> 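If you scroll down you'll find the structure; I have some questions about it.
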Amino acid sequence: MPQELPSQYDPKAIEKKWFEFWQSVPLFHAVVTKDKKPFTIVIPPPNVTGILHMGHALNNTIQDILIRVKRMQGYEALWMPGTDHAGIATQNVVERQIAKDGLKRQDLGREKFLERVWDWKNSYGSTIIHQLKKLGATCDWPRERFTMDEGYSEAVKEVFVRLYEKGLIYQGDYIINWCPRCQTALADEEAPRKDLAGKLYYIKYPIKVSPGRQAATPPEKRLKSSIVHRPSSINYIIVATTRPETMLGDTAVAVNPSDKRYKGLIGKTLILPLVEREINIIADRSIDKEFGTGAVKVTPAHDTNDYAMGKEHDLEFINIMHPNAVLNSNAGKYEGMDRFEARKAILEDLKERNLLVKIEEHRHAVGHCYRCHTIVEPYLSKQWFVKMKPLSKPALEAVKNGTIKFTPKRWTKVYLNWMENIRDWCISRQIWWGHRLPVYYCKVCLSGEQNEGNGVIVSRVKPDKCPHCGNTDLEQDPDVLDTWFSSWLWPFATFGWPFGEQKTEDGRQKTEEKKKELKYFYPTSVLVTAPEIIFFWVARMIMAGYEFMGEKPFSNVYIHGTVRDEEGKKMSKSLGNSIDPLKIIEQYGTDALRFSLISTAASGSDIYLSAERFEQGRNFANKIWNASRFIMMNIKDGPIGAEIDINNLKTQDAWILASLNDAIKKVTKSIDSLKFNEALNVAYDFFWHKFCDWYVEIAKFSIDDKNTKECLLYCLKQSLLLLSPFMPFITDEIYSNLPGEKPQALAVGNWPVVKKEFDDKIAIVVMQLVFSTVFSLRNLRAELNILPQTSARVRLSTTTKKKKQFESVLALVKRLANISELEVTTQVGQVKNSLSALVDKDTHLYLLLESLADAEKEKVKIDKQLADLIKQKHSKETMLANKEFIKKAPEAVVERERKRVIELSGSIKRLNEVRDAFA
RNA sequence: GGGCGCAUAGCUCAGUUGGUUAGAGUGCUGCCCUCACAUGGCAGAGGCCGAAGGUUCGAGUCCUUCUGCGCCCACCA
């Protein structure tokens, strides 16, 4: 019952109630509906290991607002939910779990380990989904997908096979980012570089002296060069490296062919220290003469750049490490040492032999595993790749020609730049949790006896036998696919693509329905996501959309900001600076969380958050609560929910209805242009500062009036509707408690629309006059410390026109400002024993007093006002005197300025008369 | 090394295509516990819109340079 509502809004019980209610109604389930337009969003699937953080909260609140608004606007709005299997992350979680029992995944074996992961997923994998529901997300929950559920896995397989058959997937040797801890390859994007304070070591590589010959070139020839290093006089070359341990795998030293210092040395042989292997000096144009000594040790198996050189110069590739970054037998006496141990040992040995020339401090960027932060090892291995160039073409074109738009626009460039320089995508991962490659090997063929067929079979199902030799002993590739290789299919695979073969009639029918759904809901409307996954995910989805559906996956990409703390650092668990959204929900309520997040988040800019920020949301929820409480208390007996009698509106009624129209217009427009903070702030301002601060206060004067009640109720309802996408819990709760309403979710088909009959410009002007008058009087009172309770006697001096307009609101002004006598006159001049204030350009207010305490003070005040007006007038006159301005500025602007000057002249004249009365 | 972004009130930020006297929240000051709300009301103080040039009748808004931050990309070993 309304009158029993507590005076403070307590979100807990109410949120729980609506959370449960929303789960129980089918309102958020979208189906193909011919006469409705579809509006589709696919959720960026959070990791199954995910726990709701502020980034999620922001991302999903935005999506929820969009989907709620569109649903209210009558679209068939579908928000597809689901989770991502998150290969490495999930495997890590379970590995940590079994590590407590002293087990490694290898101890369990692949099958048993995967069972454990599935167990984990089944018990904990829905945590994030539950949390999203708590956030109020109105996803189409029955449609929830998982990137490793059965149907989805079919899509992944299908895509791999299709791309392979098209020649876009290949297996190749390559230097990849290898995480020695996770024991898997990482894509470039998964191995972000961090600047580290490292060291640059200068090491001598002795030049081999052929028996019977002296140094390679006569020293004097090189002395002409002004360069410091003179390798001739000393029989070695100095190389600079940040990773001395890799020297064990050196197979050359490279210099720039144009480098005069080393001119005669190209082609000569060096003795690789410690290993005592002979390597050659080669010339390569990629070498920077300015860096280090201009001579580079080349380790083709352990450096991307060196790998390229190795290929070009046909060098030997010596891998010196095991996959766990422990040196292997190629490392000689260092075998068995970890890479960093080996570095130490090697440096010791070099020092001992006097081969370590110097050590410099050197900052450089080193790749780190994005999951465990281990320094990645550039590692030569056989991996699977996708050729990206052909896929990128339509995806580039779509963004260039505006078929797909980014908001804010600036991300377009970032996207295009990456796409234009796209590199092949390493998609194999040496982990167990994920989609296993649909690749099978025939050992017989691989052994090389057969010429046809290379022993590699790519197939949707495991073949019974090798198509080439008939061998039945086939083995599936142990690797799994990069997680993004499944998520790039998200916008269509979630609908059941590629639909497979159905054996039963029933199955076929279901498939037909699913196909219709895909046709209806795809392409999706807006993708809402964070900037850091533009490359990982957005770009790849666009490519997949065109490749497999022949159509864009979405029309708009909305990139929101990164959530940061007060110091601008990205919020993350490892930094310990994160504000837990669940705690905020606990403390302030979900609506408060949503409100504060969105009102802070200007389109696309990063969000700096502090916990206090959420008080604003809490306060607003409380305001909504109490205003509603007040209205409900006052309308409980009256005839309610009938039509507003439009022919019988008071000025204030007309004003609030016109203002409401304006708010609806602005909120709708802002949401359409994805400016959520703007939309929310308009709704906020309307509700609090127009409706509550003014209208509700005014309504108290005629609270028994039927039309007043109707207006109150109507504006409240419309406000709740406008606010409901942002603050769904409290708005549903209040709306459902309003007279004549049933418990319901404000979900479908009731978005407020502008009503032309409520547009009333005059009411706005008149009410503005009311507000200014009240405002001026309050101001005077505050100055004089006259309490508002004390009733005042006031005279207003204004124009004939305004005097007339004022007639309808005289009583209103009197009550609002507590005025016992109010006289409106067109006369000007100082009124005896009064204080004056400027209400507007041609209205003066006089507060009549028993006596005037300080006439001088009053004169000073008037002089100040006068000076200000004269200054304004002067600046406008200067502007108007400028012929260029008259000539070039739009007529409307010139006209407006002219009008202002006239107004100002009038004000100055009036004010002068007031002032003269003092003299 | 390239690219992008940001500098507006003490703090956190808005400010549409250039056009009245630059806004909000929060904090601060003063007065009010008035029967919806002190998580509230009323009033107030507080801005050379980072610096210097330029374009324009007119610049917080457009251009150039500089300064200070931040982010992304890149194989300087």
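This one's a predicted model, so the numbers in the text were calculated from it and none came from an experiment. Chain naming here is simple, since letters A, B, ... match the order of the sequence lines and numbering starts at 1 in each.
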> Do the ring centers of A:Y695 and A:F686 come within less than 6.0 Å of each other?
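No, ring centres 6.0 Å or more apart.
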> Determine the contact category for A:K297: base if any of its heavy atoms lies under 4.0 Å from a base atom, sugar-phosphate if only primed atoms, P, OP1 or OP2 are that close, otherwise nothing.
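If one applies the 4.0 Å heavy-atom cut-off, A:K297 turns out to touch nothing in the nucleic acid.
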> Among B:A14, B:G40, B:A36, which is the nearest nucleotide to the side chain of A:W688?
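Minimum distance to the A:W688 side chain belongs to B:G40.
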> Any strand is fair game: report the nucleotide pairing with B:G40 by Watson-Crick or G-U wobble, both distances under 3.5 Å, or none.
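Result: B:C32.
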> From B:U39, B:A36, B:A77, pick the nucleotide closest to the side chain of A:N622?
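Selected nucleotide: B:U39.
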> Any side-chain heavy atom of A:I635 sitting closer than 4.5 Å to one from A:P739?
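Touching, per the 4.5 Å side-chain cut-off.
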> Categorize A:Y9 for me: base, sugar-phosphate, or nothing, with a 4.0 angstrom heavy-atom threshold over every strand shown.
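Touches nothing.
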> Taking B:A22 as the reference, what is the distance to B:C49 when you measure between their C1' atoms (whole Å, please)?
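Comparing C1' positions in B:C49 and B:A22 gives a spacing of 8 Å.
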> OP1 or OP2 of B:U21 less than 4.0 angstrom from a side-chain nitrogen or oxygen of A:H874, does that happen here?
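False: A:H874 side-chain N/O out of range (4.0 Å or more) of B:U21 OP1/OP2.
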> Please report, rounded to the nearest Å, how far the P atom of B:C71 is from the NE2 atom of A:H560.
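Nearest whole value for this atom pair: 17 Å.
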> When all nucleic acid strands are considered with a 4.0 Å heavy-atom cut-off, which category describes A:E678: base, sugar-phosphate, or nothing?
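It contacts nothing in the nucleic acid.
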> Considering just the side-chain nitrogens and oxygens of A:N417, establish if one lies under 4.0 Å of OP1 or OP2 belonging to B:C73.
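So the side chain of A:N417 is outside the cut-off, no N or O lying under 4.0 Å from OP1 or OP2 of B:C73.
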> Distance between the P atoms of B:G40 and B:G46, in whole angstroms?
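These two P atoms come out 25 Å apart once rounded.
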> A:K883 has an atom NZ; how far is it from atom P of B:G58, in whole Å?
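To the nearest whole Å, that distance equals 16 Å.
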> Could you measure between the two P atoms, the one in B:A59 and the one in B:G18, and give it in whole Å?
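That atom pair is separated by 13 Å.
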> Looking only at side-chain atoms of A:T242, point me to the closest of B:A77, B:G40, B:A43.
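It is B:A77.
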> Could you give the distance separating B:A45 and B:C31 at their C1' atoms, to the nearest angstrom?
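Result for the C1' pair: 15 Å, nearest Å.
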> Specify the residue among A:S875 and A:K700 whose closest nucleotide of RNA chain B lies further upstream toward the 5′ end.
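The answer here is A:S875.
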> A:A889 has a side chain; which of B:A43, B:G41, B:G19 sits nearest to it?
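Taking heavy atoms from C-beta onward, the closest nucleotide is B:G19.
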> My understanding is that a pair needs two contacts under 3.5 Å, Watson-Crick or G-U wobble. By that rule, which nucleotide pairs with B:G23?
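B:G23 is paired, partner B:C13.
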> Going by distance alone, is a donor N or O of one side chain under 3.5 Å from an acceptor N or O of the other, for A:S596 and A:Q616?
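On atom types as modelled, these side chains do not qualify, holding no pair under 3.5 Å.
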> Which heavy atom of A:I176 sits nearest a heavy atom of A:C426, and at what distance?
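What the structure gives for the nearest pair is CG2-SG, 4.0 Å.
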> Verify the neighbour count for atom OH of A:Y174: are there more than 12 heavy atoms of other residues, nucleotides or ligands below 6.0 Å?
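For A:Y174, atom OH is not crowded (no more than 12 foreign heavy atoms under 6.0 Å).
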> For A:N421, which contact category applies under a 4.0 Å heavy-atom criterion: base, sugar-phosphate, or nothing?
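Nothing, no nucleic acid heavy atom in range.
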> Would you kindly give the CD-to-P distance between A:Q872 and B:A22, to the nearest whole Å?
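Result: 9 Å.
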> For A:F775, report the nucleic acid contact type (base, sugar-phosphate, nothing); a contact means any heavy atom under 4.0 Å.
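Contact class for A:F775: sugar-phosphate only.
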> Check every strand shown and say whether A:R781 touches a base, only sugar-phosphate, or nothing at a heavy-atom separation below 4.0 Å.
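Nothing: the residue A:R781, judged by heavy atoms under 4.0 Å, touches no strand.
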> For A:V296, which contact category applies under a 4.0 Å heavy-atom criterion: base, sugar-phosphate, or nothing?
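Here A:V296 touches the bases of the nucleic acid.
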> For A:F885 and B:U56, what is the distance between atoms CZ and P respectively, to the nearest whole Å?
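From A:F885 CZ to B:U56 P: 17 Å.
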> What is the separation between atom CE on A:M879 and atom C1' on B:A59, rounded to the nearest whole Å?
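Between C1' of B:A59 and CE of A:M879: 12 Å.
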> Verify, without hydrogens or angle tests, whether A:T299 (side chain) and A:A301 (backbone) share a donor-acceptor contact under 3.5 angstrom.
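Pair absent, no side-chain N/O of A:T299 close to backbone of A:A301.
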> I'd like to know if the side chain of A:D840 reaches the main chain of A:T843, judged simply by a donor and an acceptor atom lying under 3.5 Å from each other, with no hydrogens or angles considered.
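Checking the backbone N and O of A:T843 against the side chain of A:D840, a donor-acceptor pair under 3.5 Å is found.
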> Determine the contact category for A:T304: base if any of its heavy atoms lies under 4.0 Å from a base atom, sugar-phosphate if only primed atoms, P, OP1 or OP2 are that close, otherwise nothing.
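Nothing, no heavy atom under 4.0 Å.
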> Using the C1' atom as the point on both nucleotides, what is the distance between B:A77 and B:U67, in whole Å?
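Nearest-Å result for B:U67 against B:A77 at atom C1': 34 Å.
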> Identify the heavy atoms of A:K297 and A:D306 that sit nearest to each other, and give their distance.
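Scanning both residues completely, I find the closest heavy atoms to be O-OD2, 3.4 Å.
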> What is the separation between atom CG on A:L777 and atom P on B:C31, rounded to the nearest whole Å?
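In whole Å, B:C31 P and A:L777 CG are 20 Å from each other.
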> Distance between the C1' atoms of B:G19 and B:G25, in whole angstroms?
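After rounding to an integer number of Å, I get 28 Å for this pair.
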> Over how many whole Å does the gap from A:E420 atom CD to B:A74 atom C1' extend?
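A:E420 atom CD is separated from B:A74 atom C1' by 16 Å.
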> Ignoring hydrogens and angles, answer whether the base of B:C4 and the side-chain atoms of A:K413 contain a donor-acceptor pair closer than 3.5 Å.
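Donor-acceptor pair under 3.5 Å: no.
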> Heavy atoms under 4.0 Å, any strand shown: does A:N779 hit a base, just sugar-phosphate, or nothing?
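Counting heavy atoms under 4.0 Å across all strands, the contact made by A:N779 is with sugar-phosphate only.
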> Now, which nucleotide makes the Watson-Crick or G-U wobble pair with B:C76, with each of the two distances under 3.5 Å?
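Pairing partner: none.
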> Do the side-chain N or O atoms of A:R410 get closer than 4.0 angstrom to the phosphate oxygens (OP1, OP2) of B:C6?
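A:R410 to B:C6 OP1/OP2: no side-chain N or O under 4.0 Å.
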> So does A:Q616 reach the base of B:A24 with its side chain, donor to acceptor, closer than 3.5 Å?
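Flag unset: no donor-acceptor pair detected.
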> Could you say whether A:S7 or A:N305 is positioned toward the 5' end of RNA chain B, judged by the nucleotide with the nearest heavy atom to each?
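This one resolves to A:S7.
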> Under a 3.5 Å limit for both distances, which nucleotide forms a Watson-Crick or G-U wobble pair with B:C62, could you say?
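Check on B:C62: paired to B:G54, both distances under 3.5 Å.
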> Would you say the side chain of A:K675 and the base of B:A14 hold a donor-acceptor pair, judged only by whether the two atoms sit under 3.5 Å apart?
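For A:K675, whose side chain was compared with the base of B:A14, there is no donor-acceptor pair (under 3.5 Å).
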> Among B:G19, B:A36, B:G25, which nucleotide has an atom closest to any side-chain atom of A:P890?
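So the side chain of A:P890 is nearest to B:G19.
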> Reckon A:H302 touches a base, only the sugar-phosphate, or nothing at all at heavy-atom distances under 4.0 Å?
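No contact.
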> Do A:S599 and A:Y684 touch side chain to side chain, with heavy atoms closer than 4.5 Å?
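A:S599 vs A:Y684: side chains apart.
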> Which nucleotide sits closest to the side chain of A:K623: B:U20, B:A43, B:G40?
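Side chain of A:K623 sits closest to B:G40.
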> In terms of side-chain heavy atoms of A:R613, which of B:C72, B:U12, B:U26 is nearest?
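Given the options B:C72, B:U12, B:U26, the side chain of A:R613 is closest to B:U12.
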> Of all the nucleotides listed (B:G19, B:A36, B:G44), which has the minimum atom distance to the side chain of A:V893?
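Of the options given, the side chain of A:V893 lies nearest B:G19.
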> Strictly by Watson-Crick or wobble contacts shorter than 3.5 Å, is anything paired with B:C4, and which nucleotide is it?
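The answer is B:G70, by the H-bond criterion.
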> Can you tell me the distance, in whole Å, between the CG atom of A:L816 and the C1' atom of B:U34?
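Result: 14 Å.
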> Applying the Watson-Crick and G-U wobble criteria at under 3.5 Å, what pairs with B:G47? Answer none if nothing qualifies.
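Pairing partner: none.
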> Between B:U20 and B:G15, how far apart are the two C1' atoms, rounded to whole Å?
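It comes out at 15 Å once rounded to the nearest Å.
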> Suppose you measure atom C1' in B:G60 against the same atom in B:A51; what distance do you get, rounded to whole Å?
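That atom pair is separated by 15 Å.
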> When you measure only distances, ignoring hydrogens and angles, does the side chain of A:R900 come within 3.5 Å of the base of B:U20 through a donor and an acceptor?
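Looking at the base of B:U20, it does pair with a donor or acceptor on the side chain of A:R900 (distance under 3.5 Å).
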> Tell me whether A:E15 is salt-bridged to A:K12, with the criterion being a basic N under 4.0 Å from an acidic carboxylate O.
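No, this pair does not count.
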> Check every atom of B:G19, B:A43, B:U39 against the side chain of A:R618 and return the nucleotide holding the closest atom.
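Shortest atom-to-atom distance from the side chain points to B:U39.
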> What nucleotide among B:C72, B:G25, B:U20 has an atom nearest to a side-chain atom of A:F535?
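In terms of side-chain proximity for A:F535, the closest of B:C72, B:G25, B:U20 is B:C72.
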